[in-house]
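Inspection log for the structure reproduced underneath, given as structure tokens.
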Amino acid sequence: MTRLIIIMTLVLTISACKKSENETSPPSDTMYFPPTNSQSWESVTPESLNWDIDKLNELYNYLSTNNTRAFIILKDGKIVAEKYWGKNVLNTAPFDQNTNWYWASAGKSLTAFLVGLAQQEGMVNINNKTSDYLGDNWTSLPLEKENLITVKNQLTMTTGLDYDVPNLDCTDPSCLLFKTDAGNQWYYHNAPYTLLEKVVSNASGITYNQFTDEKLENKIGMDGTWISLGYNNTFWSTPRSAARFGLLILNNGSWDSNEIMTDQNYFNNMVNTSQNLNPSYGYLFWLNGKQSTIFPGFASPIAISVAPNAPSDLIVAMGKNGQIIDIVPSKNIVVIRMGETPDGSLLPVLFHNEMWKKLMAV
């Protein structure tokens with residue numbers, strides 16, 4: 001009921017909102033990439049971009065009063081804004097650019113990229129059945145039904161597994177029950193997503209952390225690590241590493257002249273509508289500007305986009321308590337928000353939309 005109230009409030013609050021027809025700007029001829037072996041990062045002042053400083057300060061105030069710990073804006077790869085508030089997760093030191101914080105489900109988008117890297121190296125084929133990598137009986141389904149589930153179904157939240165179970169995080173076969181054939185429903189089910197990590201590690205022969213380090217982090221200067229707690233495996237990093245990942249996505253999977261994601265067909269499918277049930281979802285990325293969205297916790301679409309106040313081409317990695325990596329190709333902008341829950345909801349869509357209202361005013 002709480003989730004329903006939040007979503008209906010969102011609809012009533014912003015359904016009449018119209019985005020400007022002049023929201024896009026031409027891309028820069030030069031994209032800056034920070035060095036991979038240094039913490040140095042070039043910046044540009046908001047004043048030089050003719051941004052409204054008073055409105056920017058209003059945005060900072062909104063963020064600080066809504067439990068934000070880290071906020072970064074990149075324009076053409078350079079830092080325009082970088083602010084920190086509060087303390088680290090242990091409450092033992094001030095939060096700064098070297099503080100690690102959890103990505104929550106924003107890490108799903110990182111996993112989508114890693115699966116693409118595994119596929120381009122011939123380790124995985126997302127059209128293959130999941131049991132090719134996890135073995136038979138990874139669910140409690142009859143074998144003929146289990147074999148309908150592919151890695152692509154895991155990437156798109158369309159496994160057909162029952163979501164009316166006590167624990168949506170549980171990856172034990174006893175928790176993975178049949179509801180409908182794969183591809184026939186969309187539901188934000190955490191367990192089949194989590195098992196993508198085992199798909200990659202089994203296919204590559206190395207741990208998921210090793211795969212992340214070797215195939216991605218070392219190539220773009222990211223730090224971070226996957227930490228397991230219960231059934232979940234959560235990525236932790238500094239805010240600047242989240243910004244590096246956002247910059248990589250903004251540049252279509254390339255870091256400067258180094259093509260990290262050479263499989264552009266996979267990349268394009270990842271950041272565009274991946275199935276016909278939830279147009280606002282790619283491969284574990286949220287997509288703005290669509291006619292409808294199925295939000296986490298719901299099985300049916302609502303006639304609203306992810307963030308109506310934001311540019312329509314916004315691509316989002318989004319997680320619990322407002323962990324956000326926003327990518328806007330039309331403006332060459334990346335926005336990072338990390339922190340505690342801002343409005344009492346696990347997936348704060350109202351906060352995210354209001355943040356963009358204030359950011360667009362800047």
Side-chain angles (χ1 to χ4, degrees), residues 72 74 101-120 124 126 151-158 186 188-190 192-197 199-200 208 211-212 215-217 220 222 224-226 232-255 260-261 263-264 266-275 278-288 290 293-296 306-307 310 313-329 333-338 346-349 352:
I72 297 174
L74 305 182
W101 194 258
Y102 60 92
W103 287 31
S105 284
K108 286 181 169 67
S109 303
L110 176 58
T111 288
F113 194 87
L114 294 171
V115 170
L117 296 183
Q119 175 167 273
Q120 78 180 22
V124 170
I126 66 168
V151 175
K152 185 175 180 179
N153 291 132
Q154 293 175 271
L155 288 166
T156 58
M157 296 289 179
T158 59
W186 192 97
Y188 195 79
H189 193 168
N190 210 48
Y193 149 72
T194 300
L195 287 168
L196 282 170
E197 301 161 9
V199 168
V200 172
Y208 201 52
F211 188 90
T212 306
K215 306 301 181 181
L216 178 61
E217 289 182 335
I220 70 170
M222 278 181 70
T225 188
W226 296 95
N232 292 321
N233 197 14
T234 303
F235 193 71
W236 290 69
S237 83
T238 63
R240 284 193 172 192
S241 280
R244 284 177 183 264
F245 180 68
L247 183 55
L248 177 70
I249 300 303
L250 179 64
N251 206 48
N252 299 321
S254 291
W255 189 261
I260 309 299
M261 177 73 75
D263 186 348
Q264 283 300 296
Y266 180 93
F267 184 90
N268 290 331
N269 290 334
M270 182 178 71
V271 296
N272 283 285
T273 300
S274 59
Q275 28 61 52
N278 188 359
S280 297
Y281 210 68
Y283 292 170
L284 304 175
F285 273 92
W286 292 95
L287 312 172
N288 201 32
K290 309 302 179 184
T293 305
I294 304 178
F295 289 96
V306 170
D313 64 331
L314 173 71
I315 302 164
V316 190
M318 183 162 47
K320 178 181 176 181
N321 297 332
Q323 318 314 320
I324 298 167
I325 302 173
D326 282 335
I327 302 107
V328 185
I333 282 178
V334 172
V335 179
I336 306 300
R337 189 272 182 188
M338 289 178 161
L346 292 182
L347 193 71
V349 290
H352 186 220

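Between the side chains of Y283 and S109, not a single donor N or O lies within less than 3.5 Å of an accepting N or O. Between the side chains of S274 and T156, no donor-acceptor pair is found at a separation under 3.5 Å. T111 and Y193 share a donor-acceptor pair across their side chains, judged by distance under 3.5 Å alone. N232 and N190 share a side-chain donor-acceptor pair at under 3.5 Å. For the 3.5 Å distance criterion, the side chains of W226 and T234 fail to qualify, holding no donor opposite an acceptor. Under 3.5 Å, the side chains of Y188 and N278 contain no donor-acceptor pair of N or O atoms.
Aromatic ring orientation, W103 versus F245: tilted (interplanar angle from 30° to 60°).
Residues that satisfy the salt bridge (Lys or Arg N to Asp or Glu O under 4.0 Å) test with K290, not counting sequence neighbours, are absent from this structure.
D263 and Q120 make their closest contact through N-OE1, 3.2 Å (heavy atoms, listed as atom of the first residue, atom of the second, distance). Of all non-hydrogen atoms in I333 and L250, the two that sit nearest each other are N-CD2, 4.1 Å. Across T293 and S280, no two heavy atoms sit closer than the pair OG1-OG, 2.8 Å. A pairwise comparison of heavy atoms in T273 and L287 identifies N-CD1, 3.3 Å as the closest pair. The shortest heavy-atom contact between F211 and L114 is CE2-O, 3.5 Å. Heavy atoms only, all atoms of each residue included: P296 and W286 are closest at CD-CH2, 3.6 Å.
Proximity of V316 to H352: side-chain heavy atoms (C-beta onward) are separated by under 4.5 Å at one or more points. Side chains of W255 and R244 form a contact here, defined as non-hydrogen atoms less than 4.5 Å apart.
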